[in-house]
Amino acid sequence: MRFQLNDEQRALQDAVRSYLRDRFGPAQVREVYDNPDTDGVPAALWKAIGEQGWLAVLVPEEHDGIGLGLLDAAVLARAFGAATVPGPWLSTILLGEAIRLAGSDEQKAKLLPGIAAGEVKGAVALLPNGSARGAVATATDGKLSGNLGLVEYAAVADTLVVAAQDGLYLVDPTHATITSSPALDRTVRLSTVVLDGAPGEKLTNSSDAVLAEILDRAAVLVANDLVGIARKALTDTVEYDKTRVQFGKPVGSFQAIKHDLADIHLGITMAEHAALYAAHAQDIDAPDKELAASIAKVKAGDMANESTSAMIQYHGGIGYTWEHDSHFYLKRAKRLEYAFGDASQHRERIASLLLDGEVDGTRAPVSAESSGMASGVA
Amino acid sequence: MDLQFSKEDEEFRSEFRAWLDTNLPQDMRTEDWWRPKSDDEQFQIRRDWEKKKAEAGYCGIQWPTEFGGRGGSPTMKAIYDEEMAKANAPRTVNPLGLAFLGPTVMAIGTDEQKAAIIKPLLHTDVIWCQGFSEPGAGSDLAALQMKAVPQGTDYLINGQKIWTTNAMHGDKIFTLARTSEGAKRHDGISMLLIDMHQPGVEARPLKQITGESEFGEVFFTDALCPQDEVLGGEGNGWMTAMLLLSFERGSSAIGQYTEFRRQWDAVAQIAKQVERDGKKASQDPVLRQQLANSLVDLECLKYHSWHVLTATSQGKDLGYEASMTKMMWSETFRKVSDTYEAILGSAFQVPEYQGLTLEELTTMALWSRSCTIWGGSAQVQRSIVAERVLGLPR
């Protein structure tokens with residue numbers, strides 16, 4: 001029984017954190033924020049992400065990747081969340097996952113090495129904006145049409161992954177109409193993407209099940225980003241409230257504040273457990289992996305919202321200023337809270353997984369058996 | 001990351017599960033069997049069953065064999081808790097003795113105390129109560145007033161304790177009393193081990209909101225306790241009490257998870273049967289959200305128990321993080337109860353509804369309200385987490 005990262009994963013965590021601390025801090029984030037007309041991909045950062053192998057984690061070794069699991073990628077996502085890192089890391093990872101899970105051997109051999117090497121940027125349109133299911137485009141004889149809605153980093157992407165009614169397609173963005181749009185969270189760049197008969201290359205092993213798996217993996221990575229944000233927002237707030245004096249005392253000594261911060265700390269700790277387990281559950285193909293993904297997304301989204309809102313509240317007026325970093329966390333949390341299914345959609349999914357079977361009048365189902373605790377399951 | 005238990009642990013699980021299969025009759029696992037029996041009858045049955053279990057070697061799982069324990073690992077204890085909860089086995093009759101007194105005696109008791117206390121505790125020959133809270137000393141324990149004055153080789157004891165679990169069934173009570181006037185209010189306190197079967201000790205039941213009387217109050221009027229029946233030395237009572245309370249920290253909460261999850265599953269079954277607004281409650285979109293939300297916290301409690309087990313298996317002391325475990329399980333239990341009530345709506349009033357027996361779950365829902373008070377209220381726990389874990393100023 002060991003519910004924790006292994007030594008390699010901790011080393012990876014240390015490496016990414018120390019890189020970000022030394023090379024890409026709040027000042028660098030602020031530059032991306034204050035220059036919304038740039039492409040939102042800081043060149044030195046993106047180069048480092050490629051060189052360090054942080055885009056290769058999930059690419060199999062036979063395709064020049066590192067062949068690690070989602071838990072390893074989750075370590076990166078959490079660190080990127082804590083540092084509000086801009087750039088198309090997640091969407092490129094998801095491009096790779098789409099090819100790895102839905103592509104033919106030929107497609108994998110052709111496309112994955114470039115992703116692993118950091119030579120490719122990806123963008124994904126897997127869900128209609130605001131929806132937890134449904135295609136974004138219609139494919140007819142390999143030609144795709146539809147308004148894909150807002151897509152992150154479409155303007156810099158080399159390849160788009162598009163969910164059509166009959167499967168996943170790769171589309172060259174030069175065949176799309178891409179109109180950039182301002183984004184509240186400026187650690188991302190958004191565009192509206194419209195396809196009108198754009199040629200698409202179908203990922204030949206696409207299926208509803210594969211798409212569902214990719215969406216779960218996306219939700220798990222986003223959950224890890226969110227817990228990174230939530231934890232950092234809380235830590236900064238606690239530090240500030242230890243020293244900010246009002247009524248002759250540090251404000252962190254007042255119970256109204258400290259009890260709320262204690263609650264948030266507890267909630268974030270639970271979200272961290274959930275995000276960790278959800279990643280591991282995908283890696284071991286656990287029987288409850290879908291449930292675990294939704295639980296992680298719900299808890300992480302809720303806690304990131306609470307923690308980043310508390311960050312502003314318990315900094316007082318300074319927390320509401322543009323020059324303070326707190327809005328970086330709030331706005332990133334808001335963006336990701338609604339990405340790949342919001343909390344309500346995931347709660348509904350949990351309900352459908354657990355409530356829509358027949359009434360079992362003979363006995364209450366023994367949950368531990370289906371959840372990896374019982375012998376030999378996990 | 002490896003969520004499997006070791007081969008030894010799994011062997012222990014199979015062995016214990018087999019013992020339960022043979023020795024815990026199916027009817028004893030159902031509420032219907034227990035309900036018609038009186039409090040006293042229920043207690044005696046539980047006491048006898050626990051003794052039988054102890055004699056079979058399933059007691060003191062993590063306690064050293066020299067004291068009558070099994071000498072097992074934290075993971076074996078977690079498996080034991082889980083299997084007990086899965087089987088819906090009777091709860092221990094000696095909760096305070098097992099959680100607090102036993103570990104404290106093993107840590108700082110005299111050899112005589114170890115021999116006299118531990119095995120009889122495990123075998124339910126002596127039922128222990130805890131005498132800490134008083135009418136004027138609840139969360140603020142150091143406000144306690146009970147006096148113990150030397151008289152010959154005894155202490156003469158006067159005062160009152162309250163919220164005493166098993167007050168009506170207890171044989172002995174580990175009690176905080178003032179044996180001298182201290183300069184500070186934490187001084188001059190001693191932990192006395194008092195025999196409850198004597199004329200100077202009177203226990204009265206307190207009726208709880210469930211209608212049951214699990215706890216009571218205990219009055220001491222010129223009660224006697226030999227002066228060598230002090231745990232941790234005279235005047236060291238406050239330190240002894242703090243050590244004693246710290247033993248709750250190893251609890252992984254896997255037992256609570258297993259129990260509450262079974263309750264959630266039962267609530268879900270009810271939601272599939274109860275009609276609300278012309279459809280089953282389980283098809284109501286708002287109730288579905290609430291059911292899912294309480295399940296989210298429940299499953300997080302399970303993950304947290306893995307985290308605690310990982311730490312304790314590696315020999316780490318979780319310290320004040322234990323307050324988080326208490327907050328998490330007690331408040332999750334409240335959420336499951338709130339969900340249950342919301343599903344029934346006004347039918348929550350009655351013991352039976354649309355052919356469903358509700359008494360057990362309704363009692364559970366009421367009981368959940370006590371869990372955020374006893375053993376350190378939710379508010380005390382928040383202060384501990386804020387100050388001791390987050391480092392916020394007092």
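A quick note: this is a predicted structure, and the numbers were derived from the prediction, not measured. Letters go in sequence order (proteins before strands), and every chain restarts at 1. Atoms considered below: every heavy atom in the structure, side chains included; atoms not considered: hydrogens, waters and symmetry mates.
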Quiz prompt | Single hit among B/E83, B/M76, B/E8 for side-chain contact (heavy atoms from CB on, under 4.5 Å) with B/R13 | solution = B/E83
Exercise. Pick one of side chain, backbone, both or neither for B/D9, based on which atoms fall under 4.5 Å of a heavy atom in chain A.
Key: neither
Quiz item: chain B heavy atoms under 4.5 Å from A/V238: which part of the residue, side chain, backbone, both or neither?
Solution: both
Quiz item: A/A296 versus chain B, heavy atoms under 4.5 Å apart: side chain, backbone, both or neither?
Solution: neither
Quiz item: Do A/T269 and A/H273 come close enough that some side-chain heavy atom pair is under 4.5 Å?
Solution: yes
Quiz item: Heavy-atom distance under 4.5 Å to chain B: side chain of A/L353, backbone, both or neither?
Solution: neither
Exercise. Counting only heavy atoms closer than 4.5 Å, note whether B/Q290 contacts chain A via side chain, backbone, both or neither.
Key: neither
Self-check item: Contacting moiety of B/L291, where chain A heavy atoms sit under 4.5 Å
Solution: side chain
Quiz item: Quick one: what part of B/Q314 sits under 4.5 Å from any heavy atom of chain A, side chain, backbone, both or neither?
Solution: side chain
Quiz prompt | Verdict with reasoning, B/K302 to B/D297, per salt bridge (Lys or Arg N to Asp or Glu O under 4.0 Å) | solution = CA-CA 9 Å; B/K302 178 178 72 181; B/D297 279 347; over 6 Å; no
Quiz item: Is it the side chain or the backbone of B/E387 that comes within 4.5 Å of chain A heavy atoms, both, or neither?
Solution: side chain
Quiz item: Under 6.0 Å from the CZ atom of B/R91, do we count more than 12 heavy atoms belonging to anything else shown?
Solution: no
Exercise. Check each atom of B/T75 against the heavy atoms of chain A and say whether the ones under 4.5 Å are side chain, backbone, both or neither.
Key: side chain
Self-check item: Contact check, side chains of B/L390 and A/L261, non-hydrogen atoms, under 4.5 Å
Solution: yes
Quiz prompt | Proximal component of A/E348, with respect to chain B [non-hydrogen, under 4.5 Å] | solution = both
Exercise. Please look at A/I257 and chain B and tell me whether the side chain, the backbone, both or neither of the residue comes under 4.5 angstrom of a heavy atom of that chain.
Key: neither
